[in-house]
Amino acid sequence: MSGFAGFALRRTVGAVITLLAISVIVYVVFYVTPGNVAHITCGPRCSPEQVHQVARQLRLDDPLYVRYWHFLEGVFVGQDYSTGTSVGHCSAPCLGLSYQTDQQVTQIILTKLPVSLSLVLGAMVLWLLLGVGTGVLSAWRRGRFTERALTGLTLAGISTPVFVIGLMLMIVVCGQLELLPFPEYVPFTDDPEQWAWNLVLPWLTLALAEAAYFARLTRASMLETLAEDHVRTFRAYGVGERSIVGRHALRGALAPVIALNANDLGSSVGGAVLIETLFGLPGIGQELVHAVTVVDLPVVVGMVLVIGFFVVLANAVADVLYALADRRVVLT
């Protein structure tokens, strides 16, 4: 197969293999680590008999490869689970049951995922606008005061921890100026207007932290593109500088920006832990930290797989955007 259909098929197969490899690594890292998971799950006051019963109920006595096979079986065909008093069915894709709440991991993820996607997608729009715009302007005004001022702001953004940016925004915008309420997540389906207003500060915090990296990368890529032969040819023919920057140089400089955005978008789905904790957003990152703390291994494995899926998906979309931004790129 050739063209986009072949590319999509190869990417799909590669994504499945990558996610399987991630699941194996996570299983080895978390399920082979020292510590009695059954004792932690049961609690400090459980007797040895109760701990043994919990271990048998969670299938912790089975060999690791047997447990992993049951996990794959649940993902592809679903599985029946015993909660001690009854037997329930978990439909595919089933990522297991939480050790702490007996809730299906898939349901936990579906509850937390909209929060993280709301944060990341909104912030992505802002960091692209701020970062790419700052980088283009800095390269266009190279050697002038504008470039030096923007470079200083970029370095300040990179050097400032994200939680400091968030605290400063809350103190100034919410506390002193009282322009916005202190953020409290409201589902989009309940009130779209309040959903947006309560996410403005988290969006700005994450966007300002990420935009600095995009500004530096865009500036470097733009300077490299502006020095190429075809740009000098445009200038020799009298093409305006704005047209050169906006229509020709920017398009050629977008490839590394697309790559960075794909990585940041995928990893931020579960990696914006500080933002979610600072603003009280019940997202994937905060839930993942809690699951690691209480050794809720099915939740850890399920969420790591979801984060890996978004990273793989974002990079596949980035490859398509390469071809749209640069016609010399061929999908392989």
Side-chain angles (χ1 to χ4, degrees), residues 7-33 64-65 67-79 90-99 103-121 123-124 127 206 210 213 258-277 281-322 332:
F7 165 79
L9 178 61
R10 289 187 294 271
R11 273 298 188 177
T12 302
V13 174
V16 172
I17 295 174
T18 301
L19 292 176
L20 287 175
I22 292 173
S23 66
V24 171
I25 294 172
V26 173
Y27 252 77
V28 171
V29 169
F30 285 99
Y31 279 90
V32 183
T33 52
L64 183 61
Y65 68 89
R67 281 181 279 165
Y68 182 71
W69 173 255
H70 285 307
F71 171 76
L72 292 182
E73 183 181 20
V75 171
F76 291 104
V77 299
Q79 198 170 11
C90 180
S91 302
C94 178
L95 298 174
L97 296 184
S98 168
Y99 287 168
Q103 187 179 0
Q104 294 184 16
V105 176
T106 306
Q107 294 300 320
I108 297 176
I109 293 174
L110 292 177
T111 301
K112 305 295 182 179
L113 188 58
V115 182
S116 295
L117 290 180
S118 298
L119 169 64
V120 174
L121 294 178
M124 182 194 69
W127 80 49
L206 183 56
E210 294 288 344
Y213 295 96
I258 292 173
L260 178 61
N261 188 64
N263 290 327
D264 284 2
L265 178 62
S267 59
S268 293
V269 172
V273 180
L274 288 176
I275 304 293
E276 294 179 359
T277 303
L281 302 177
I284 290 286
Q286 196 173 26
E287 183 66 25
L288 179 58
V289 172
H290 173 72
V292 172
T293 303
V294 299
V295 199
D296 199 346
L297 299 184
V299 177
V300 173
V301 174
M303 290 195 168
V304 170
L305 284 177
V306 169
I307 296 170
F309 168 77
F310 278 102
V311 172
V312 173
L313 177 63
N315 280 275
V317 174
D319 286 343
V320 177
L321 295 178
Y322 287 159
T332 59

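Closest approach of Gln79 to His70, counting heavy atoms only: OE1-O, 3.0 Å. Listed here is the closest heavy atom pair of Leu19 and Phe309: CD2-N, 3.5 Å. Contact between Gly78 and Cys94 at its shortest, heavy atoms only, is CA-CB, 4.4 Å. In plain terms, the two heavy atoms of Ser23 and Phe71 that are nearest each other are CB-CE2, 4.2 Å. Here the closest non-hydrogen pair linking Glu276 and Gly285 is OE1-N, 3.1 Å. Between Thr293 and Val289, the shortest heavy-atom distance links the atoms OG1-O, 2.8 Å.
We find the CD1-CD1 distance between Ile17 and Ile22 to be 12.0 Å, quoted to the nearest 0.5 Å. Separating the CG atom in Leu72 from the CG atom in Leu20 is a distance of 6.5 Å, to the nearest 0.5 Å. In this structure, Leu119 CG and Ile284 CD1 are separated by 12.0 Å, a value rounded to the nearest 0.5 Å. Glu287 contributes atom CD, which lies 12.5 Å from atom CG of Leu113 (distance to the nearest 0.5 angstrom). Atom OG in Ser98 sits 3.5 Å away from atom CG in Asp296 (nearest 0.5 Å). To the nearest 0.5 Å, atoms CH2 (Trp127) and CG (Leu260) are separated by 8.5 Å.
Side-chain contact between Leu288 and Val273 is absent, with no heavy-atom pair separated by less than 4.5 Å. Contact annotation: the side chain of Leu95 approaches that of Val75 to within less than 4.5 Å [non-hydrogen atoms, C-beta and beyond]. Leu117 is listed as a side-chain neighbour of Phe310, based on a closest heavy-atom distance under 4.5 Å.
Screening Leu305, Val304, Val299 for a side chain to side chain contact (heavy atoms under 4.5 Å, CB included) with Val301, the sole residue that qualifies is Leu305.
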| task | Could you walk me through whether Leu97 and Gln104 pass the side chain to side chain contact (heavy atoms under 4.5 Å, CB included) test, one step at a time? | result | CA-CA 4 Å; Leu97 296 184; Gln104 294 184 16; 3.5 Å; yes

